[in-house]
Protein chains: 2
Amino acid sequence: MRSTETMSPAASRVLDAAEELFYSRGITAVGVDLVAERSGVTKRTLYNRFGSKDGLIAAYLSSRDERWRAEVMTAVESSGSPADAVTAPFTVLASQDRSSARGCAFINALAELPDADHPGRRIAMDEKAWLLDLFARLATDARCAEPPALARRLMLIHEGALATEPLSRGLLTDATELARSLVREAAQRA
Amino acid sequence: MRSTETMSPAASRVLDAAEELFYSRGITAVGVDLVAERSGVTKRTLYNRFGSKDGLIAAYLSSRDERWRAEVMTAVESSGSPADAVTAPFTVLASQDRSSARGCAFINALAELPDADHPGRRIAMDEKAWLLDLFARLATDARCAEPPALARRLMLIHEGALATEPLSRGLLTDATELARSLVREAAQRA
DNA sequence: GCAATCCTTCACCGATCGGTATACATTGGC
DNA sequence: GCCAATGTATACCGATCGGTGAAGGATTGC
């Protein structure tokens with residue numbers, strides 16, 4: 001699927017509606033009729049642009065992934081130091097409005113798409129693999145000890161923060177603090 | 001819903017089938033007709049025993065919750081030391097067959113049940129609250145410094161391990177090691 | 001012997017599911 | 001002036017969704 005700017009106006013509106021509905025209500029629970037109605041578009045147009053519901057799901061996840069990666073990279077580049085850059089993904093989380101308490105769209109997608117062949121599943125898994133690799137690269141840049149091991153630990157904490165978000169008391173603050181202390185420790189150890 | 005032993009044979013079979021299907025395929029994606037067929041029971045009986053699909057969902061989560069809490073408490077009681085007891089929930093994870101890579105049933109349920117009023121959502125949130133409280137109690141028993149803060153960190157790591165399980169490379173080993181080192185550190189600090 | 005509980009069979013309900021067919025209007029580029 | 005792309009409207013498809021009504025066959029305990 002092409003990126004948002006090169007999409008036709010109708011397709012763009014469909015994608016906007018799909019993102020909001022899929023995220024807030026769940027992918028399986030939302031029907032294509034509802035997405036079409038919300039975006040003010042005929043079902044025919046929806047199918048002409050996205051081919052199938054699975055195609056729309058993949059576009060939804062791709063769009064979210066693309067936007068999120070851009071935010072993370074911006075946060076990385078605007079970090080004060082290489083050490084701060086390592087925990088940039090956590091500051092991105094803190095900067096977002098996550099009051100919906102719907103957690104991570106990709107974790108949710110993995111929960112709803114158990115089929116290994118589903119295109120959306122691949123996108124969600126790639127997102128997580130990308131973050132793990134990013135943590136490792138940033139840890140290397142910050143001259144931390146054992147970058148891959150540190151990356152896995154940061155990944156655990158990051159995903160833990162997202163997974164506990166739907167709970168009444170989110171743990172993002174604790175996650176950020178713990179992540180920073182692990183980075184500090186690994187930097188000293190090197 | 002009554003516990004498994006006091007249930008009628010048909011109801012028990014329905015619950016077994018529901019547990020397997022809801023967990024492996026997702027709650028929303030599985031219809032009541034399929035659950036009835038798999039359990040060799042009429043849809044009528046299913047509805048006589050569980051009232052509605054939501055009732056069956058609640059029974060599914062309750063049953064899983066009950067079984068899991070029992071396993072955790074057994075692991076806690078058979079721990080060699082109070083310090084080991086704190087990380088007992090991690091050893092429970094390691095002892096289970098989690099090769100399905102379907103992650104945590106409760107995290108998945110929260111992803112699929114966005115409605116705050118859904119009975120299943122309450123059960124899933126209570127499960128997480130119970131674990132957080134258990135971590136804090138065990139940390140107190142092990143004379144760790146700042147039990148509530150340690151509990152939140154352990155919670156993050158625990159949920160992170162579950163959330164990353166659907167990924168190709170699970171992080172349970174790293175999670176257990178990190179949890180143990182945090183407990184060690186907090187025990188020394190006290 | 002009687003009643004209650006459990007479970008069955010089977011037919012049925014309106015609504016919604018993902019997806020398609022046909023036909024027509026608008027728009028911009030060549 | 002024309003063609004292709006884009007979008008509209010409407011009607012339709014078989015399948016499945018969660019859920020119910022009505023009637024009857026077992027088993028159990030009093």
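So you know, we letter chains A, B, ... as the sequences are listed, proteins then strands, and number each from 1.
- Close to D:dG7, at under 4.0 Å from its OP1 or OP2, lies a side-chain N or O of A:Ser8.
- If you take CG of B:Asp33 and P of D:dT16, they are 9 Å apart, rounded to a whole angstrom.
- Note on A:Val14: nothing from the nucleic acid sits closer than 4.0 angstrom, heavy atoms only.
- The pair A:Glu37-A:Lys43 does not count as a salt bridge, with every side-chain nitrogen at least 4.0 angstrom from each carboxylate oxygen.
- Rounding to whole angstrom units, CG of residue B:Leu46 and P of D:dC17 are separated by 13 Å.
- Within the structure, the salt bridge (charged side-chain N to carboxylate O under 4.0 Å, His left out) test picks out no pair touching residues 102-118 of chain A (sequence neighbours left out).
- Residues A:Arg153 and B:Asp174 are not paired through a salt bridge, judged by the lack of any N-O separation under 4.0 Å between the basic side chain and the carboxylate.
- Taking atom CE of A:Met7 as the reference point, atom P of D:dA5 lies 18 Å away to the nearest angstrom.
- A sub-4.0 Å separation between OP1 or OP2 of D:dT8 and a side-chain N or O of A:Thr45 is present.
- Annotation: cation-pi geometry not satisfied between B:Arg64 and B:Phe106 (NZ/CZ under 6.0 angstrom from ring centroid, within 45° of ring axis).
- Rounded to an integer number of Å, the gap from CG of B:Asp54 to P of D:dG18 is 10 Å.
- Picking from D:dG19, C:dC10, D:dG7 the nucleotide with the shortest atom distance to the side chain of B:Arg44 gives C:dC10.
- Rounded to an integer number of Å, the gap from NZ of B:Lys43 to C1' of D:dA22 is 16 Å.
- For the OP1/OP2 pair of C:dC7 and a distance below 4.0 Å, the side-chain nitrogens and oxygens of B:Arg13 include no atom meeting the criterion.
- Between B:His158 and B:Phe135, the angle of the ring planes goes over 60°, which puts this pair in the perpendicular group of the 30/60° scheme.
- Mapping B:Val41 and A:Thr28 onto DNA chain C by nearest heavy atom places B:Val41 closer to the 5' end of the strand.
- Rounded to whole Å, atom P of C:dT5 lies 12 Å from atom CG of B:Asn48.
- Phosphate proximity of C:dC7 to B:Thr42: absent, as no side-chain N or O sits under 4.0 Å from OP1 or OP2.
- Looking at A:Arg69 and A:Glu127, no side-chain N of the basic residue comes within less than 4.0 Å of a carboxylate O on the acidic one, giving no salt bridge.
- At whole-Å resolution of the value, CD in A:Glu37 and C1' in C:dC17 are 15 Å apart.
- Between the two ends of the helix from C:dG1-D:dC30 to C:dC30-D:dG1, each summarised by a five-pair axis, the helix axis turns through 10° (rounded to 10 degrees).
- A salt bridge is absent between B:Arg137 and B:Asp141: the closest approach of a Lys/Arg side-chain nitrogen to an acidic carboxylate oxygen does not fall below 4.0 angstrom.
- For the pair B:Tyr47 OH and C:dC6 P, the interatomic distance rounds to 19 Å; values are reported in whole Å.
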